[in-house]
Amino acid sequence: MILPALAAGFGVAVTLVSTSPFSVQAQDAAPEAAQSFNAPAAEPPPPDPAAELAAKRDQTRAELETLSKTISLSSDKVSELQQSISNLEKNTQSIRQALIDSAARRKGLETQILESEKKLADLGVKEDGIRRSLHERRGLLAEVLAALQRMGRNPPPALLVTPDDALASVRSAILLGAVVPGMRKETDKLAAGLASLAALQTASAAEKTALTATMADSIEEERRMDLLLAENDKLSRSNAAELEAERKRSEELAGKATSLEGLVASMESEIASVREAAAAARQAEENRKLLTDEQRAQAKALAESGVPDKNRIAPAYPFAELRAKLELPVAGDILRQFGDADGTGHEAMGMTVATNPETVVTAPADGLVVFAGAFRSYGQMIILDAGDGYHLVLSGMDTINTRQGKFVFSGEPLAVMGAKRVASATALALETDRPTLYIEFRKDGKPVDSRPWWTAKDTGKARNDS
């Protein structure tokens, strides 16, 4: 108790009696009592900050998922979106550009949601810490408040007004000189704690308001993309019977293939659309090699400006020249990098990124879709031929929105993640139920580290979501 302790430190003992608050008795303080009081009490071990933050992120994520289910677009907004799509020029180039733009906006919104999620979790941890501190000091705070209240009701005697109480006045002065600074310190700490708690609650409320608006924008962009995909499907639809026959044949080949190399080889040799597109892409690459240095420089400058030919059927320029220029196909947290332990006693051949539910997956680079479908333990998988002997493997998606034999542009939406992590060999030993995307780069059939290709903001390894 703060009052006896502070008084004992000044050689004064305090006895709090219910019938007479602040009855004072001057005596020598017992050294043993002071030592006994000052003995530190056993404290529980401090909480693990990383585990506490991870638990708060899980709680925040669950709350956001519940919140997202309550947000819907009005009929007027849906009509507005439908009208904006109908006003687009109905050709492949304009629709695909609209899809790329929509995917970029959607990924930007998903990144904002992830950042808000982290901010809310961090604010929640700080708020819990202040509440815990106040709870642990509740006995001390009660003493301070009780002492202040008693002093207000029964102030100490004034020497000039009542000279007969000189001894009591001296005793009170000694006591108050010892006690008041301690009470003031504890009162200031209490006020600071309450002010910090109020500030954190205000910041959390503001962040939640902004996040709700961002989630509504994300849902609107998702709806826009669905409409654009439907229009794109109408423009690019081939003979339905041929597509169905190719799909069944590719499933058969995927069932027989024992490796990614074997799968790619069988696709390029036995699936007509892939074979023809691959041949056209190789021819385009050969034609590019025949360009003069000046023409090649002009083509490269045009590609780097972000406005390459949208009718091309081959990558805008060599994949090896794209180092430090690619963006991750999803907004999320990197859980595992190339070379990390994969949970089976081996090294990971690719990287794994945890995302939020229903996150859009975009093409990291221009490429020909060699395969799109389920393959062994990889689950739903897309393989892109990026040229120069490079293949990009993406797996772990829930819904694929592209098809084999199609040439896709960097940033074009390819698939959507599911609500939960898909069980697969590429996601072993990951203590998370979030959707995870596996990304593997291969050069001439051998896995290579993809980190040199990502932009600076995507190269670092985030904390493990465990």
Side-chain angles (χ1 to χ4, degrees), residues 49-78 80-81 101-131 195-227 327-335 353-362 398-399 411 413 415-421 432-437 457-458 460 462-466:
E52 192 175 6
L53 183 59
K56 183 59 69 172
R57 277 201 70 179
D58 291 339
Q59 178 185 341
T60 303
R61 191 175 298 119
E63 292 173 355
L64 295 184
E65 288 180 12
T66 302
L67 174 62
S68 67
K69 295 175 182 177
T70 66
I71 301 174
S72 61
L73 297 180
S74 66
S75 57
D76 290 343
K77 178 58 70 175
V78 173
E80 181 183 335
L81 286 173
D101 294 341
S102 176
R105 288 192 296 269
R106 189 169 167 185
K107 285 177 69 176
L109 291 168
E110 288 165 353
T111 299
Q112 290 181 34
I113 291 173
L114 281 170
E115 290 174 352
S116 291
E117 176 186 295
K118 293 174 184 177
K119 287 180 183 178
L120 285 172
D122 185 54
L123 289 170
V125 169
K126 292 178 179 178
E127 188 175 330
D128 288 347
I130 293 177
R131 290 182 185 277
S196 297
L197 182 61
L200 288 172
Q201 289 175 333
T202 300
S204 294
E207 191 65 40
K208 286 179 181 178
T209 300
L211 178 56
T212 301
T214 303
M215 293 174 73
D217 291 342
S218 180
I219 291 174
E220 177 183 338
E221 201 59 54
E222 182 181 346
R223 177 62 173 163
R224 187 196 313 276
M225 183 175 290
D226 289 341
L227 294 171
E327 291 190 1
L328 286 176
V330 292
D333 300 319
I334 300 174
L335 302 187
V353 183
T355 74
N356 278 346
E358 300 179 357
T359 294
V360 65
V361 182
T362 60
D398 180 69
T399 305
V416 176
M417 302 300 293
K420 297 293 182 181
R421 176 164 68 90
T432 179
D433 61 352
R434 297 172 66 190
T436 55
L437 180 71
K457 63 184 177 65
D458 291 334
R463 61 163 186 77
N464 194 306
D465 192 353
S466 59

Of the non-hydrogen atoms in [X] and [Y], which two are nearest, and what is the gap between them?
X      : Y      : value
Ile130 : Ser196 : CD1-CB, 3.5 Å
Ser116 : Leu211 : CB-CD1, 3.7 Å
Pro435 : Pro357 : CG-CA, 4.0 Å
Ala103 : Thr362 : CB-CG2, 3.7 Å
Ser204 : Leu120 : O-CD2, 3.7 Å
Leu197 : Glu127 : CD1-CG, 3.4 Å

When rounded to the nearest 0.5 angstrom, what is the spacing between [atom1] in [X] and [atom2] in [Y]?
X      : Y      : atom1 : atom2 : value
Asp333 : Arg434 : CG    : CZ    : 5.0 Å
Glu63  : Thr66  : CD    : OG1   : 7.5 Å
Thr60  : Lys208 : OG1   : NZ    : 8.0 Å
Gln59  : Asp128 : CD    : CG    : 7.5 Å
Arg224 : Asp101 : CZ    : CG    : 10.0 Å
Ile219 : Leu109 : CD1   : CG    : 11.0 Å

Residue pair [X] / [Y], side-chain heavy-atom distance below 4.5 Å:
X      : Y      : answer
Val360 : Glu110 : yes
Gln112 : Asp217 : no
Val416 : Asp398 : no

Can a donor-acceptor pair be found between the side chains of Glu221 and Ser102 at a distance below 3.5 Å?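 Short answer, yes.
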
With a 3.5 Å distance limit and no angle check, can you tell me whether Lys56 reaches the backbone of Lys126 through a side-chain donor-acceptor pair?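 No, the answer is negative, given that no donor and acceptor are paired below the 3.5 Å cut-off.
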
